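Worksheet: one structure, shown below.
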Amino acid sequence: MDMEKITAVRGFKDILPGETEKWRFVENKAREIFANFGIHEIKIPILEKTELFARGIGETTDIVEKEMYTFRDRGNEYLTLRPEATASVIRAYIEHNMHLTEPLSRLFTIGPMFRRERPQKGRFRQFNQINVEFIGENDPRIDAELMIMLVTFLSSVGLTDLRLEINSLGCPDCRPSFRETVTDFLRGKEGGLCPDCQRRLDTNPLRIFDCKVDTCQNIIVSAPVILDFIGDTCKEHFERVKRYLTMFDISFSVNARMVRGLDYYTQTAFEVITESLGAQNAVAGGGRYDGLVRDLGGEDIPGVGFAIGFERLVSMIPGDNDAFAENPHVFIAALGEEAKDFAFQLANNLRMAGIRADMDFTGKGLKSQMKRADKVNSLYTLIIGENELAEKTAPLRNMHTGEQQPLPIESMDSLIQEFRNLLTITDNP
Ligand code: HAM
């Protein structure tokens with residue numbers, strides 16, 4: 001009986017060799033830049049108590065209402081696969097009393113998130129984020145610093161065609177008068193809103209700005225915006241953020257309708273948008289969340305952060321994957337059992353000496369082994385048969401120039417040294 005194939009879960013995807021090279025390039029670059037900015041890595045669990053997200057992200061957000069992977073475990077506890085990282089980072093920050101040792105904690109974490117959205121181009125149910133949080137300060141310089149770093153990082157991996165959009169969502173003091181005005185504006189128009197937004201009118205009117213339903217969007221485009229209702233302190237904060245961005249020549253535009261999909265934001269909110277992604281056009285998003293630490297049971301400590309969508313970022317990196325691959329330094333084409341034994345020893349000794357080596361085990365002829373060397377993009381190919389072993393010299397071909405030179409094979413050690421010289425590998429780089 002033929003067994004049926006088991007496929008991956010819808011919206012969950014494998015990232016294969018050929019793709020992972022770009023991922024590693026991005027991650028290495030991120031780690032390098034984060035180190036320059038004094039940001040330390042934190043590793044947090046993928047599973048948390050459901051209440052963390054319900055309280056952190058907000059009960060009336062799409063994420064919490066519709067998109068979380070929540071289940072009861074065998075001990076009857078409600079658990080959720082994290083839909084984002086900020087709530088978890090803040091939980092860890094509070095749990096480990098990090099505020100006692102650092103006035104400003106700069107943290108990053110990289111890993112998968114889970115949201116049960118409708119899969120489409122650039123939108124998955126498991127996706128990865130590069131997440132950065134600065135916790136402990138409300139200085140607008142920090143908001144600007146984060147955005148400056150984000151833009152620097154995105155251009156350092158080759159992204160062009162980016163637009164930074166910013167907004168201010170004010171603080172809890174600015175919200176009541178705005179809420180009243182929006183509710184007044186929408187009164188009489190309820191019929192045109194989707195059932196969710198009709199509910200949001202009472203629970204969380206700001207969320208209506210983020211609704212994807214066309215009829216809701218048509219109504220909300222002419223609604224008053226929160227930016228016009230923020231108080232003097234928030235206004236001043238926003239003005240200073242803009243000034244610092246300008247100081248670093250970071251171009252941005254104010255998008256007064258951007259509200260972000262999570263409830264914890266206060267004051268600064270931002271997104272990096274690109275035209276090249278189609279409908280899912282945000283490659284990164286973030287903002288300030290000055291009430292979150294307190295809402296999650298900690299002290300009154302402000303924070304600001306962002307997350308980059310890893311899949312979206314990688315899909316925008318120019319150049320094919322080969323350019324990012326770590327190809328073999330040397331491919332050993334061996335003919336005959338004796339030569340294969342030698343190649344087997346040599347390949348493993350080279351690898352142990354830090355040289356990327358590959359060989360063929362199929363027993364195919366020279367021509368097909370050379371083809372293989374070409375295919376794996378090897379820098380050099382060493383050709384060994386019984387004659388070469390007997391004469392203690394073997395041809396080494398530079399695969400880029402096609403030039404061939406004889407390489408003496410006195411001993412394993414001398415050969416390794418030959419390759420180290422050739423590749424200019426030294427013990428003290
Ligand atoms: P977010 O806007 O929900 O913010 O997600 C950030 C980024 O993750 C998005 O701009 C997008 O690139 C990517 N993303 C989101 N959902 C998906 C999906 N279903 N498939 C593929 N990519 C996706 C947050 O998560 C906040 N925690 C960011 C933050 C950190 N705010 C403050 N600190």
Side-chain angles (χ1 to χ4, degrees), residues 9-13 15 26 39 42 44 48 52-53 56-58 61-64 66-69 81-93 105-135 142-143 146-147 149-150 153-154 159 162-167 169 207 210 212 255 258-274 276-293 295-296 302-316:
V9 177
R10 182 166 138 84
F12 289 61
K13 70 177 192 125
I15 299 151
V26 168
I39 308 170
I42 179 169
I44 43 175
E48 298 273 4
L52 174 70
F53 302 116
I57 300 171
T61 56
D62 274 359
I63 295 179
V64 173
K66 309 178 190 167
E67 297 170 358
M68 295 203 303
Y69 282 93
L81 284 174
R82 61 178 187 198
E84 61 116 39
T86 311
S88 303
V89 171
I90 299 302
R91 181 209 36 78
Y93 176 86
S105 293
R106 297 163 187 257
L107 303 170
F108 79 89
T109 193
I110 301 176
M113 310 295 152
F114 305 85
R115 296 184 194 173
R116 201 174 187 292
E117 297 186 82
R118 201 168 51 78
Q120 61 179 77
K121 184 169 176 276
R123 193 160 75 192
F124 313 99
R125 290 179 170 177
Q126 175 178 327
F127 59 98
N128 290 269
Q129 281 186 346
I130 301 175
N131 198 93
V132 178
E133 312 292 350
F134 286 3
I135 314 155
I142 301 202
D143 309 35
L146 260 182
M147 287 185 258
M149 183 185 67
L150 174 60
F153 166 64
L154 294 174
L159 266 53
L162 299 173
R163 203 169 69 239
L164 173 65
E165 292 190 349
I166 65 171
N167 194 16
L169 302 177
R207 288 271 68 85
D210 217 20
K212 312 281 182 303
N255 176 357
M258 185 228 302
V259 293
R260 308 274 303 124
L262 308 96
D263 272 352
Y264 48 61
Y265 292 112
T266 53
Q267 297 187 325
T268 316
F270 56 92
E271 284 185 348
V272 177
I273 309 286
T274 170
S276 66
L277 283 177
Q280 302 304 317
N281 62 0
V283 64
R288 182 160 277 290
Y289 46 81
D290 287 352
L292 183 58
V293 180
D295 287 349
L296 293 177
V304 58
F306 66 74
I308 302 170
F310 214 136
E311 284 79 1
R312 293 186 193 174
L313 168 53
V314 166
S315 75
M316 292 166 64

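One-based numbering, in listed order, for ligands and for the atoms of each. Values in this document were obtained by computation on a predicted structure and should not be read as measured data. Only this structure's heavy atoms are used, side chains among them; waters, hydrogens and symmetry mates stay out.
- For the residue pair Gln126 and Pro112, the shortest heavy atom distance occurs at NE2-CB, 3.4 Å.
- A donor-acceptor pair under 3.5 Å is absent between the side-chain atoms of Glu311 and the main chain of Val314, judged by distance alone.
- No hydrogens or angles considered: a donor-acceptor pair under 3.5 Å links the side chains of Tyr264 and Thr86.
- Electrostatic pairing of Arg260 and Glu271 counts as a salt bridge here, judged by a charged N lying under 4.0 Å from a carboxylate O.
- In terms of protein heavy-atom proximity, atom 5 (O) of ligand 1 is nearest to Gln129 NE2, 3.2 Å.
- With a heavy-atom cut-off of 4.0 Å, Tyr264 touches ligand 1 through its side chain alone.
- Under 4.0 Å from ligand 1, not a single heavy atom of Leu313 appears.
- Annotation for Ile130 and Ile110: closest pair CG2-CG1, 4.2 Å, computed over non-hydrogen atoms.
- At a heavy-atom distance under 4.0 Å, no atom of Met113 approaches ligand 1.
- Between Gly261 and ligand 1 there is no heavy-atom distance shorter than 4.0 Å.
- Between Phe12 and Phe114, the angle of the ring planes lies from 30° to 60°, which puts this pair in the tilted group.
- Residue-ligand proximity, Arg123 to ligand 1, at heavy-atom distances under 4.0 Å covers atoms 18 (C), 19 (N), 20 (N).
- For ligand 1, the polar-atom distance check against Phe124 finds a nitrogen or oxygen pair separated by under 3.5 Å.
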How far apart are the C-alpha atoms of Ser105 and Tyr93, what are their side-chain angles, what is the distance that settles it, and do they pass the side chain to side chain donor-acceptor pair (under 3.5 Å) test? CA-CA 9 Å; Ser105 293; Tyr93 176 86; 4.6 Å; no

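- Residue Gly286 approaches ligand 1 through these ligand atoms, each under 4.0 Å from one of its heavy atoms: 31 (N).
- Here is the list of ligand 1 atoms found below 4.0 Å of a heavy atom in Ala282: 10 (O), 11 (C), 12 (O).
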Take Asn281 and Thr274, measure what side chain to side chain donor-acceptor pair (under 3.5 Å) needs, and give me the verdict at the end. CA-CA 5 Å; Asn281 62 0; Thr274 170; over 6 Å; no

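- The side chain of Arg260, and not its backbone, has at least one atom closer than 4.0 Å to an atom of ligand 1 (non-hydrogen atoms only; side chain from C-beta on).
- With atom 30 (C) of ligand 1 as the reference point, the heavy atom nearest to it among Val272, Thr86, Asn128, Ile90 is part of Thr86.
- Below 4.0 Å from some heavy atom of Gly122 lie the following atoms of ligand 1, by number and element: 20 (N), 21 (C), 22 (N).
- Put simply, the side chain of Val89 reaches to within 4.5 Å of the side chain of Ile135, judged on heavy atoms.
- Ligand-side atoms of ligand 1 in range of Glu84: 25 (O), 26 (C), 27 (N), range being under 4.0 angstrom from any heavy atom.
- Minimum interatomic distance between Arg207 and Gly261 (heavy atoms only, all atoms of both residues): NH2-CA, 3.5 Å.
- Comparing Glu117, Arg118, Arg82 by heavy-atom distance to atom 19 (N) of ligand 1, the nearest is Glu117.
- A salt bridge links Glu165 to Arg163: at least one charged side-chain nitrogen sits closer than 4.0 Å to a carboxylate oxygen.
- Between Asn131 and Glu133, the side chains place a donor N or O and an acceptor N or O closer than 3.5 Å (distance only, hydrogens not considered).
- Atoms of ligand 1 lying under 4.0 Å from any heavy atom of Tyr265, numbered from 1 in the order shown and given with element: 26 (C), 28 (C), 29 (C), 31 (N), 32 (C).
- The distance from ligand 1 to the heavy atoms of Glu133 drops below 4.0 Å at these ligand atoms: 30 (C), 32 (C), 33 (N).
- Any N or O atom pair closer than 3.5 Å counts here, and Val283 shares at least one such pair with ligand 1.
- From the protein, the heavy atom lying nearest to atom 14 (N) of ligand 1 is Phe127 CE1, 3.5 Å.
- Contact annotation: for Glu271 versus ligand 1, there are no heavy atoms closer than 4.0 Å.
- Put simply, the side chain of Leu262 reaches to within 4.5 Å of the side chain of Glu84, judged on heavy atoms.
- For ligand 1, the polar-atom distance check against Tyr289 finds no nitrogen or oxygen pair separated by under 3.5 Å.
- For ligand 1, the atoms sitting less than 4.0 Å from at least one non-hydrogen atom of Ala307 are 6 (C), 7 (C), 28 (C), 29 (C), 30 (C), numbered in the order shown with element in parentheses.
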